[in-house]
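Single-structure report; data block below.
Every chain is numbered from 1 and lettered A, B, ... according to where its sequence line falls, protein lines coming before strand lines.
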There are 2 protein chains.
Amino acid sequence: MTSAMTDNSTPPETEVLSLLPARLRAARRDQGLSLDAVAKLSGVSRSMVSQIERGESSPTIATLWNLTRALQVDFAGLLEGATDAPGIEVLRDASVPTINNKGQGCSIRILSPPEEVGRHEVYDIRFAEGGILDSDPHKRGSREHLTVISGIVRLKAGTQVELLKAGDTARYPVDQPHTISAETGPAQVFLVVQDG
Amino acid sequence: MTSAMTDNSTPPETEVLSLLPARLRAARRDQGLSLDAVAKLSGVSRSMVSQIERGESSPTIATLWNLTRALQVDFAGLLEGATDAPGIEVLRDASVPTINNKGQGCSIRILSPPEEVGRHEVYDIRFAEGGILDSDPHKRGSREHLTVISGIVRLKAGTQVELLKAGDTARYPVDQPHTISAETGPAQVFLVVQDG
DNA sequence: GATTAGATTCCGAAATACCGGAAATCCGTC
DNA sequence: GACGGATTTCCGGTATTTCGGAATCTAATC
């Protein structure tokens, strides 16, 4: 058969899988390896490597995994779309998207682009005195990285509680309910959410 | 046959693939979906989904891809090791590791743990008037996310130049030389480096 | 131009991923 | 405890991946 790739559910747009063959071949050639060499390194037969590199076969994750280890490429990055923007994108102070109706007495300024899902998001959060931000658990494995710019905040993650003042930083898993509050006065924090 | 997973080249340690079935099943159950439901959503048959979730079959990347889209999980993250730390880690203002001898007139406060390489790093950088931080290109695909806390800074990435003041944010690729400088007075910026 | 060494592609045969329907298992409800 | 309804697993058959070897292609050398 001519095209073995079962590309059902493949709208015109994101055929990320079609990029994989070329990337694999490039990775191999970059290291000056022959098909036979990677075959011995990975345990995948030469013919299979050849077919995969020509897009004539859709490898099982097991074999792909073995290939990535032999070629020393990152399994994850291999399947990601070419995500490179050309130049500097600037988001001016006045035009930062802001959410006010979440939590109480706090405004959330979204500093990362909405498209960029799956890696990390960046927020600038400003609390009035007594402001509270309550969050439900995110996806398992996610972590937050919180740095206090000014004021004093109280951080609660699961059962644990910490008091943080300007300059302090806290990191914590967020597969559990967590709360940030500014009890003693206004505060500003910088929050990086790393998706799990 | 009982175990179809071709697990050749599988040292005792990182059998990341063995985690995949459980993760898929968890993702499905979290959304309250039945095998039949995801089958219709993804185009993969119920039986296949069942087999994959029980580790009795190693899916091709094509079918796995379809599953990830139906379950709305990140293909990349699915294959990464479980990276969860137990509780809140706190880094106090006074004990933040700081670098002063890089660049001129600037001190770099490292807010992310050194172990956590490969995802993102977080820095709090403080410039004296005239301070300059020159950086060589990082790994291709890396991006920086810079937010100005106070003062005015000049950002140069490749050939492009932008002037940023307090509250402004800039995002830019760093597979090219880039420079941050505070020409008109002291400044403080927050920098998130996303590894490519 | 012929020879040789290396790399890649082609070709059965065996293994296994994949599908659709049937059987089995799990629950609530009467 | 028996009866739906829903979910999951089992069981054919088919399509595709995967392997090892043979054939083809590529280039350098003589």
Side-chain angles (χ1 to χ4, degrees), chain A residues 1-10 15-71 75 78-79, chain B residues 1-10 15-71 75 78-79:
Chain A
M1 52 107 83
T2 50
S3 108
M5 296 285 285
T6 67
D7 58 353
N8 38 354
S9 86
T10 300
E15 186 39 276
V16 190
L17 292 186
S18 64
L19 301 173
L20 188 136
R23 292 188 183 183
L24 283 176
R25 172 153 291 190
R28 179 171 62 85
R29 291 244 158 97
D30 281 353
Q31 301 184 45
L33 295 173
S34 68
L35 285 174
D36 201 62
V38 297
K40 283 186 175 59
L41 280 174
S42 65
V44 180
S45 70
R46 309 118 238 216
S47 9
M48 186 76 306
V49 180
S50 176
Q51 286 188 39
I52 292 172
E53 285 185 354
R54 281 180 290 139
E56 295 195 350
S57 166
S58 176
T60 63
I61 53 168
T63 59
L64 217 211
W65 176 260
N66 291 334
L67 278 180
T68 59
R69 306 207 71 182
L71 293 172
F75 196 121
L78 206 52
L79 274 305
Chain B
M1 56 129 60
T2 50
S3 108
M5 297 284 286
T6 67
D7 59 352
N8 38 355
S9 87
T10 299
E15 187 39 276
V16 190
L17 291 187
S18 64
L19 301 173
L20 187 135
R23 292 187 185 183
L24 284 177
R25 172 152 291 190
R28 179 171 63 85
R29 292 246 158 96
D30 281 353
Q31 302 184 44
L33 295 173
S34 67
L35 285 175
D36 201 62
V38 297
K40 283 186 174 59
L41 280 174
S42 64
V44 180
S45 71
R46 309 111 235 231
S47 6
M48 189 55 353
V49 179
S50 175
Q51 285 187 40
I52 292 171
E53 286 185 353
R54 280 181 290 139
E56 294 194 351
S57 168
S58 176
T60 64
I61 52 169
T63 58
L64 218 209
W65 175 260
N66 291 334
L67 277 181
T68 58
R69 306 207 72 184
L71 293 172
F75 196 123
L78 207 51
L79 274 304

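- A donor-acceptor contact shorter than 3.5 Å is absent between the side chain of Arg46(A) and the backbone of Leu35(A).
- With dC18(C), dT8(C), dT7(D) as the choices, the nucleotide that has an atom nearest any side-chain atom of Arg28(A) turns out to be dT8(C).
- Between Arg46(A) and dG6(C) there is no side-chain polar atom (N or O) within less than 4.0 angstrom of OP1 or OP2.
- Looking at heavy-atom distances under 4.0 Å, Ser47(A) makes contact with a base.
- Comparing Gln51(A) and Leu35(B) along DNA chain D, the residue whose closest nucleotide (by nearest heavy atom) sits nearer the 5' end is Leu35(B).
- Rounded to whole Å, atom P of dC18(C) lies 11 Å from atom CD1 of Ile61(B).
- In this structure, Leu41(A) and Ala70(A) approach most closely via the heavy-atom pair CB-CB, 3.8 Å.
- The interatomic distance linking Glu56(A) (CD) with dT9(C) (P) rounds to 9 Å, in whole Å.
- Distance NZ (Lys40(B)) to C1' (dA6(D)): 12 Å, rounded to an integer number of Å.
- Of the candidate nucleotides dA17(C), dC10(C), dT17(D), dA17(C) has the atom nearest to the side chain of Met48(B).
- In this structure, of dT9(D), dC18(C), dT9(C), it is dT9(D) that holds the atom nearest to the side chain of Ser50(B).
- Contact check, Arg29(A) against dT8(C): a side-chain N or O comes under 4.0 Å of OP1 or OP2.
- Listed for the Thr63(B) side chain is no donor-acceptor partner under 3.5 Å among the backbone atoms of Pro59(B).
- Applying the 4.0 Å criterion to OP1 and OP2 of dT16(D), one finds that Ser57(A) has every side-chain N and O outside that range.
- We find that CG of Asn66(B) is positioned 13 Å from C1' of dC18(C), with the value rounded to whole Å.
- The heavy-atom pair separating Leu33(A) from Arg28(A) by the smallest distance is O-NH1, 3.0 Å.
- Taking the side chain of Ser58(B) as heavy atoms from C-beta on, and the options dT9(C), dA17(C), dC18(C), the nearest nucleotide is dA17(C).
- The interatomic distance linking Arg25(A) (CZ) with dT9(C) (C1') rounds to 10 Å, in whole Å.
- Distance Leu64(A) CG to dT16(D) P: 19 Å, rounded to the nearest Å.
- Close to dT17(D), at under 4.0 Å from its OP1 or OP2, lies no side-chain N or O of Thr60(A).
- Rounded to an integer number of Å, the gap from Asp36(A) CG to dA5(C) C1' is 13 Å.
- Here Leu24(B) contributes atom CG and Thr68(B) contributes atom OG1; the two are 8.5 Å apart, rounded to the nearest 0.5 Å.
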